[in-house]
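Fair warning: this is a prediction, and the values are worked out from it, not measured in the lab.
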Amino acid sequence: MPDPLKYNKKFDELNEEEKKLLQINKKTIADFVEQSSSISDVNYATRNAHAKTYAVAKGTFWIDPNIPESLHPFFDKEKFDLTIRFSNAQLKIKNSKKDIPAYGFAVQIKDDNGGLLANYPLVNFPLFPVNSVSTFLKLFTAVNKFYIKKWSSLMPMIIQFVKMIPSVLTGDMIRNVVKLMGKRNDFILSFDYYSIGAYRLGDQMIKIKLRPQSVDKSIGRKQKIKDSLKSYFKSNDFTADVLIQICYDLKNQPINTLNVEWKNSPFLKIGEVKIDKDSLLDSRNCNTELLSFNPFESKIFFQPVGKIQKLRDETYKVSIQTRRKINKLLHGKGA
C-alpha cells in the first residue's frame, strides 16, 4: 500500500457563508434544546440529535496484539475502559414500541485515571446524505424551526429536503438504504456501526467500523428496544470487532464527500469492544443523560476531520451547554 495521506487543517475549513449559516443554526439548536422537554414530553432537556437513550453500559476495548507497529503509540495498553450509549437518531423522544431503525452506538474511551481519550459517536449507516455544508446547515436549521414553530416552518424544511435529493441518489446510498430497510426489524446489537466521517489517528486519517460477533438479529422483535437490551444483557455478553480504513488518496477515500464509500482501502482489525452481562448503568439517572460524546473533546490526535464533521465542534458545545443549564434549573444538577 502507498503511504497514508497526512492530515491537513484545510480539510476542516469553512468559508464565510458557511460560518454565517452555522451561527444561525447554533441559535436554533439552543432554542430547540430549551423547549425539548415539552417537545418530547419529558422532565429534562434532551439532545437535539439522538435524543432517545435506550441504555448506557460499561465496556472494554481490547487491543489486537497483531496491530501494525505504526499504531503502537496510540494503543500502548492491552485494554481501555469504555462508556457506551445506545440511542435513536430522532430529535423527538417517542414512546412507541418500534422506532425508525436509525441507531447510535456512542463510545467514550478513558485512560487509567479516568481521563477522556476519545469520543466516537457511531451510527448504523455508513454514509451521510449531504456533502454541501450550506445545504446541511439550512436543512438542520429548518428542521429545528419546524419542531419549535411547527407548520409555519414546514415549507422551508421541504425546500431543503428537495435540494438534498441529488446527493441521495448515488449507487452507494441507494444500496445501503435498501440494505437498512431489509434489516429494519433486526435487533439493535446485530447492526454494524460506522463513524461516517473521517477521524485523525495521529497524522493519518481513518474511518471506523464496529462489526458485532454472533448476535441473533431476531432478538427482541416483540419488545421495545430498551427492554430488549435489558433482557439481552441480563444473560449475554457482547463482542464486536473494531475495524479501520486508512486514507491513502482523496480520489478513492474522499474526506468531504460523505455519500460514497471508501474504496481500495482494506479494513484492518485493531481490537474488540466487549460488554459483559449485567454492565448496564441506570439510564434514568440525570448524570447519565448529561454524558457528552462530543468527538471534539477527544485528544487532538483522535479528533474528527472534514467540513461536515467540523460543524459538530460548535453544535455539540451549544447543545450540551444549553442542556446542562436547563437540567440544572429543573433538577439542580449541572454535570
Give me the ring orientation class for Tyr54 and Tyr103: parallel if the planes are under 30° apart, tilted from 30 to 60°, perpendicular past 60°.
perpendicular
Indicate yes or no for a side-chain donor-acceptor contact from Asn256 to the backbone of Lys307 under 3.5 Å, with no hydrogens or angles considered.
yes
Looking at Glu261 and Asp172, would you say the former's side chain and the latter's main chain have a donor-acceptor pair under 3.5 Å?
no
Do Gln309 and Asp12 have a side chain donor and acceptor closer than 3.5 Å?
no
When every non-hydrogen atom of Gly220 is compared with those of Ser228, the smallest separation belongs to CA-CB, 3.8 Å
Side chain Glu18, main chain Ser134, donor-acceptor under 3.5 Å
no
Quick one: are the ring centres of Tyr232 and Phe187 less than 6.0 Å apart?
yes
When you measure from the side chain of Ser190 to the backbone N and O of Asp216, does any donor-acceptor pair fall under 3.5 Å?
no
Atom pair CZ (Phe191) and CG (Leu189), whose distance is rounded to the nearest 0.5 Å:
10.0 Å
Trp262 and Pro254 have their tightest heavy-atom pair at NE1-O, 2.9 Å
Treating Gln253 as the side-chain partner and Lys263 as the backbone partner, does any N or O pair qualify as donor plus acceptor under 3.5 Å?
yes
If you count heavy atoms of other groups shown closer than 6.0 angstrom to NZ of Lys269, is the number above 12?
yes
Can you spot which of Phe302, Phe301, Tyr120 makes a ring-ring contact (aromatic ring centres under 6.0 Å, His included) with Tyr199?
Tyr120
Measure up the Phe136 and Phe128 rings against each other and bin them: parallel (under 30°), tilted (30 to 60°), perpendicular (over 60°).
perpendicular
So does Lys19 pair up with Glu16, basic N to acidic O under 4.0 Å?
yes
Do Thr315 and Lys26 have side-chain atoms, one donor and one acceptor, less than 3.5 Å apart?
no
Any idea how Phe233 and Phe238 line up, ring-wise: parallel (<30°), tilted (30 to 60°), or perpendicular (>60°)?
perpendicular
Evaluate the side chain to side chain contact (heavy atoms under 4.5 Å, CB included) criterion for residues Val168 and Ile165: first the C-alpha distance (whole Å), next the side-chain angles of each, then the deciding distance (0.1 Å), finally the verdict.
CA-CA 5 Å; Val168 176; Ile165 290 174; 5.6 Å; no
Keeping Ser195 on the side-chain end and Gly197 on the backbone end, is there a donor-acceptor pair under 3.5 Å?
yes
Give a yes-or-no answer on whether the side chains of Asn131 and Asn259 include a donor-acceptor pair shorter than 3.5 Å.
yes
Give the minimum heavy-atom separation between Arg221 and Asp186, together with the two atoms involved.
NH2-OD1, 2.6 Å
Gln245 side chain vs Ser265 backbone, donor-acceptor pair below 3.5 Å:
yes
Just by distance, do the side chain of Asp249 and the backbone of Asn252 share a donor-acceptor pair under 3.5 Å?
yes
Only one of Asn294, Asn119, Asp81 passes side-chain hydrogen bond (donor to acceptor under 3.5 Å, both in side chains) with Gln108, and that residue is Asn119
What do you reckon, is NZ of Lys277 surrounded by more than 12 foreign heavy atoms closer than 6.0 Å?
no
I'd like to know if the side chain of Asn8 and the backbone of Lys10 have a donor-acceptor N/O pair within less than 3.5 Å.
yes
Would you say that Leu268 contacts Pro68 through its side chain, given a criterion of any heavy-atom pair below 4.5 Å between the two side chains?
yes
Taking the side chain from Lys52 and the backbone from Ala89, do they hold a donor-acceptor pair closer than 3.5 Å?
no
Phe11 and Tyr7 aromatic ring geometry - parallel, tilted or perpendicular at 30°/60° bounds:
tilted
Between Asp192 and Lys183, does any side-chain N to carboxylate O distance fall below 4.0 Å?
no
